[in-house]
A.B. asks: 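Submitted below is the structure of interest, expressed as structure tokens.
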Amino acid sequence: MAGKKILLIIGGGIAAFKSLDLIRRLRERGHSVTPVLTKAATEFVTPLSVSALAGEKVYQDLFDLNDEAEMGHIELSRAADLVVVAPATADLMAKMAAGLANDLASTLLMATDKPVLIAPSMNVRMWEHAATQRNLKTLLKDGILTCGPNEGGMACGEFGFGRMAEPMEIVGALEAAVNDGPLKGRHILVTSGPTHEPIDPVRYIANRSSGAQGAAIARALLSLGAKVTFVTGPADVAAPMGVDLVDVQTAAQMLEAVNSALPADAAIFAAAVADWRMANAADQKIKKDGNGLPVLEFAENPDILASVCAGNKKPKLVVGFAAETQNVIENAAAKRKRKGCDWIVANDVSPSTGIMGGSENDITLISKDGAEDWPRMGKDQVAQRLAAKIAEALG
Ligand code: C5P
């Protein structure tokens with residue numbers, strides 16, 4: 001993505017120190033940062049350190065005539081591609097929701113015509129307070145974008161929601177907000193990774209899946225500007241930055257997460273869902289008690305792909321995967337019809353191919369128009385080519 005101009009408003013909270021790292025990360029990725037400090041923020045970070053990291057002047061005061069001579073507040077707020085508020089304190093959120101403009105930060109937020117992304121950060125009680133939740137609703141209705149807060153331990157010693165999102169999470173959300181690729185404004189759902197079906201609290205059954213291809217597809221869709229909901233089982237590879245992440249364990253949870261993520265313009269089902277679960281998973285660890293081997297009774301899992309295709313919220317384009325070890329094309333073409341999806345990405349996952357867990361893939365794309373054989377290439381390249389085809393199909 002080409003470098004963007006970010007106006008970063010740093011509020012007065014303990015998480016302000018993380019904004020120093022945020023500035024570094026943004027600059028590493030080619031973005032430029034114009035920093036604005038509220039008065040309270042200067043109690044937590046110094047203008048000198050902020051300006052040194054940003055390589056730019058720090059703006060602090062609305063009535064600084066020098067600043068007005070150099071760049072007025074209206075211009076300052078509009079020269080940016082995106083305004084980021086991190087940390088967004090309860091006070092700043094309240095000012096934004098009420099439309100106050102009584103200092104430089106709040107005035108810039110009122111004057112801007114650019115997207116605004118806030119990364120809230122505050123004590124858990126302040127976050128949960130009815131006033132903050134009311135302000136949040138107002139801000140969401142006004143089209144303000146949010147990233148976090150996350151759940152965890154806080155500087156004040158309490159635990160809960162209120163921790164500012166990590167700098168790279170903010171970078172991901174911000175890049176998604178300013179990306180104007182061909183999938184801008186599209187919502188795409190991606191399932192990825194295996195599911196784990198518990199046998200007892202310590203054992204499970206699962207398909208082999210690193211989650212690498214699903215993650216690469218989500219990244220490629222993000223880079224074309226899509227909003228991506230990424231529903232993933234316990235995969236080996238990390239989920240990409242910038243997706244709406246839903247972590248699940250079982251097929252039943254994946255089905256529920258998929259249903260609540262709909263509607264979507266397209267859905268890509270790259271997850272290796274276990275076909276069976278235990279009819280009755282044990283509450284306690286099954287012991288070797290000398291009475292012979294345990295008998296495991298299976299029950300069939302819901303077919304998530306087939307149920308979405310049969311449902312009334314079927315996205316315009318649905319892509320399934322078929323990992324086969326024999327008669328790849330015939331099996332995959334039959335699967336496309338049986339499940340009712342538009343395209344099937346078929347691949348041979350026999351151990352001799354090295355595809356399972358590897359960095360390359362060798363696929364055939366099957367649609368109603370026939371089979372398109374792609375040369376063997378990296379999973380990232382498969383993802384990029386698939387994302388480009390999806391963009392073309394959605395028009
Ligand atoms: O039937 P099979 O598992 O080979 O089908 C593979 C395709 O169906 C993949 O796209 C996979 O994500 C999806 N699937 C699903 N729910 C299941 C089983 C498979 O969504 N229970």
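None of these values were measured; they are calculated from a predicted model. Just follow the structure's listing: the first ligand is 1, and inside any ligand the first atom is 1.
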A.B. asks: Where on Cys341 is there a heavy atom closer than 4.0 Å to ligand 1, on the side chain, on the backbone, on both, or on neither?
C.D. replies: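 No part of Cys341 comes within reach of ligand 1.
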
A.B. asks: So, His196 versus Thr250: side-chain donor-acceptor pair below 3.5 Å or not?
C.D. replies: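 Result is no, nothing qualifies.
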
A.B. asks: When you compare ligand 1 with Ala274, is there at least one nitrogen or oxygen pair between them that comes in under 3.5 angstrom?
C.D. replies: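 No: no nitrogen or oxygen of Ala274 is under 3.5 Å from one in ligand 1.
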
A.B. asks: Any N or O on Ala322 sitting closer than 3.5 Å to an N or O of ligand 1?
C.D. replies: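 The answer is no, given that Ala322 and ligand 1 share no N or O pair closer than 3.5 Å.
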
A.B. asks: What's the shortest distance from atom 3 (O) of ligand 1 to any protein heavy atom, and which residue and atom give it?
C.D. replies: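 Checking every protein heavy atom, the shortest distance to atom 3 (O) of ligand 1 gives Asp275 OD1, 4.0 Å.
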
A.B. asks: Going by the order shown, which atoms of ligand 1 are within less than 4.0 Å of some heavy atom of Val273?
C.D. replies: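 Checking each atom against Val273, I get 15 (C), 16 (N), 17 (C), 18 (C), 21 (N).
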
A.B. asks: What's the shortest distance from atom 16 (N) of ligand 1 to any protein heavy atom, and which residue and atom give it?
C.D. replies: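 Going atom by atom, the protein heavy atom closest to atom 16 (N) of ligand 1 ends up being Ile304 N, 3.0 Å.
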
A.B. asks: What do you reckon, is CD of Glu28 surrounded by more than 12 foreign heavy atoms closer than 6.0 Å?
C.D. replies: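 Yes.
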
A.B. asks: On the six-membered ring of Trp374, is Arg385 placed so that its NZ or CZ lies under 6.0 angstrom from the centre and within 45° of the ring axis?
C.D. replies: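 So Arg385 does make the cation-pi contact.
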
A.B. asks: With heavy-atom distances below 4.0 Å as the criterion, list the atoms of ligand 1 near Gly320.
C.D. replies: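 This gives 10 (O) as the contact atoms.
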
A.B. asks: Does Lys339 have a non-hydrogen atom less than 4.0 Å from ligand 1?
C.D. replies: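 For ligand 1, residue contact (heavy atoms, under 4.0 Å) with Lys339 is present.
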
A.B. asks: With atoms numbered from 1 as shown, which atoms in ligand 1 lie under 4.0 angstrom from a non-hydrogen atom of Ala271?
C.D. replies: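 So the atoms of ligand 1 that pass are 11 (C), 12 (O).
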
A.B. asks: Taking atom types as modelled and ignoring hydrogens, do the side chains of Asp200 and Gln284 form a donor-acceptor contact shorter than 3.5 angstrom?
C.D. replies: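 No, Gln284 and Asp200 have no side-chain donor paired with an acceptor closer than 3.5 Å.
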
A.B. asks: For ligand 1, which atoms have a heavy atom of Phe269 less than 4.0 angstrom away?
C.D. replies: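 By the 4.0 Å cutoff, the relevant atoms are 9 (C), 10 (O), 11 (C), 12 (O).
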
A.B. asks: Walk me through whether His187 and Val228 qualify under side-chain contact (heavy atoms from CB on, under 4.5 Å).
C.D. replies: CA-CA 6 Å; His187 174 215; Val228 177; over 6 Å; no

A.B. asks: In this structure, would Leu224 and Val243 fall into the same cluster of hydrophobic residues linked by side-chain contacts under 4.5 Å?
C.D. replies: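 Yes.
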
A.B. asks: Write out the residue and atom name of the closest protein heavy atom to atom 6 (C) of ligand 1, then the distance separating them to 0.1 Å.
C.D. replies: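 Checked against all protein heavy atoms, atom 6 (C) of ligand 1 sits closest to Phe321 O, 2.9 Å.
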
A.B. asks: Determine whether the side chains of Asn301 and Arg277 contain a donor N or O and an acceptor N or O closer than 3.5 Å.
C.D. replies: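 Looking only at side-chain atoms, Arg277 and Asn301 do form a donor-acceptor pair, the distance falling under 3.5 Å.
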
A.B. asks: Does some side-chain heavy atom of Met93 sit less than 4.5 Å from a side-chain heavy atom of Thr132?
C.D. replies: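 Result yes, sub-4.5 Å side-chain heavy-atom pair found.
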
A.B. asks: Within a radius of less than 6.0 Å around CG of Asn280, do more than 12 heavy atoms belonging to other residues, nucleotides or ligands occur?
C.D. replies: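 Check fails, neighbour count at 12 or below.
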
A.B. asks: Using a strict cut-off of 4.0 Å, indicate which atoms of ligand 1 neighbour a heavy atom of Pro302.
C.D. replies: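 Contacts of ligand 1 toward Pro302, numbered from 1: 16 (N), 17 (C), 21 (N).
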
A.B. asks: Note the single closest protein heavy atom to atom 13 (C) of ligand 1, along with its residue, its atom name and the distance in Å.
C.D. replies: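 Looking at atom 13 (C) of ligand 1, the protein heavy atom closest to it is Leu305 CB, 3.8 Å.
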
A.B. asks: Nearest heavy atom to atom 4 (O) of ligand 1: which of Lys335, Arg277, Glu300 does it belong to?
C.D. replies: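 Checking each option, the heavy atom nearest atom 4 (O) of ligand 1 is found in Lys335.
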
